[in-house]
Structure formats: C-alpha cells, structure tokens
Amino acid sequence: MDWWLIALFAGGSLLLALRLWAGPAPEKPRAPPADAPPLEGEELWTAEALARLGTEATVADLVAQGRAEELRGLGYRGDLPE
C-alpha cells in the first residue's frame with residue numbers, strides 16, 4: 001500500500017518539475033476593440049453585438065419586423081422607435 005503514496009509523490013514531483021521547466025503559460029489573446037468589425041461567424045443579434053455595431057436603422061428594422069420583445073430579451077436598453 002505504501003507504493004501508491006510513493007508513486008503519487010513521484011508523479012506530482014515530475015509534473016511540478018515539468019511545469020517549472022516549461023515556464024509561464026502563454027498570454028491569452030486580448031478582446032477586439034469595441035469599434036472593430038464583426039468577426040467571421042460572430043452572432044450579430046446578441047446584445048453585445050447590437051451595442052457595439054447596431055445603429056438606429058438596425059433597431060428600427062428589427063422593430064418593424066415585430067422583434068422588439070426579442071431585442072428586450074437580448075438585453076437591449078435603448079429607446080425603441082414606434
């Protein structure tokens with residue numbers, strides 16, 4: 001039963017040594033600026049995308065389509081045209 005403890009200690013020491021040898025983790029990529037164009041495949045009807053890329057004409061088009069409640073459900077906080 002003692003060999004499990006020894007194996008666990010040896011494995012942990014090996015993992016620690018490998019981590020120290022590899023150095024720090026690479027830096028994570030930064031978020032694009034707020035005025036950046038949409039990324040390929042990015043969902044454009046999310047609250048974040050509407051806040052960043054949406055215009056009054058975009059909101060008016062969605063309201064004209066009867067999607068005003070969907071805008072509110074996405075978290076849009078601006079005034080909705082009639």
Side-chain angles (χ1 to χ4, degrees):
M1 187 81 159
D2 290 335
W3 66 275
W4 278 104
L5 185 59
I6 295 169
L8 184 65
F9 181 71
S13 297
L14 178 65
L15 287 175
L16 178 63
L18 286 174
R19 183 65 198 137
L20 291 174
W21 177 70
E27 187 175 322
K28 293 181 181 179
R30 297 184 186 269
D35 59 347
L39 300 174
E40 193 170 318
E42 180 182 8
E43 192 66 38
L44 297 179
W45 302 115
T46 62
E48 293 81 20
L50 282 172
R52 191 165 56 87
L53 302 170
T55 63
E56 294 297 323
T58 307
V59 173
D61 288 344
L62 289 172
V63 170
Q65 294 173 12
R67 300 174 74 182
E69 289 305 314
E70 188 176 340
L71 279 171
R72 292 289 182 212
L74 286 171
Y76 184 77
R77 303 236 188 285
D79 293 332
L80 295 176
E82 293 298 322

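In what follows, residues are counted from 1 in the order of the sequence shown.
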Q) In the hydrophobic cluster built from side-chain contacts under 4.5 Å, what are the other members alongside L14? A) L18

**Q.** Apart from L16 itself, residues in the same hydrophobic cluster as defined by side-chain heavy atoms under 4.5 Å
**A.** L20

Q: Could you tell me which residues satisfy side-chain contact (heavy atoms from CB on, under 4.5 Å) with Q65, sequence neighbours excluded, listed by chain and number?
A: L62, R67

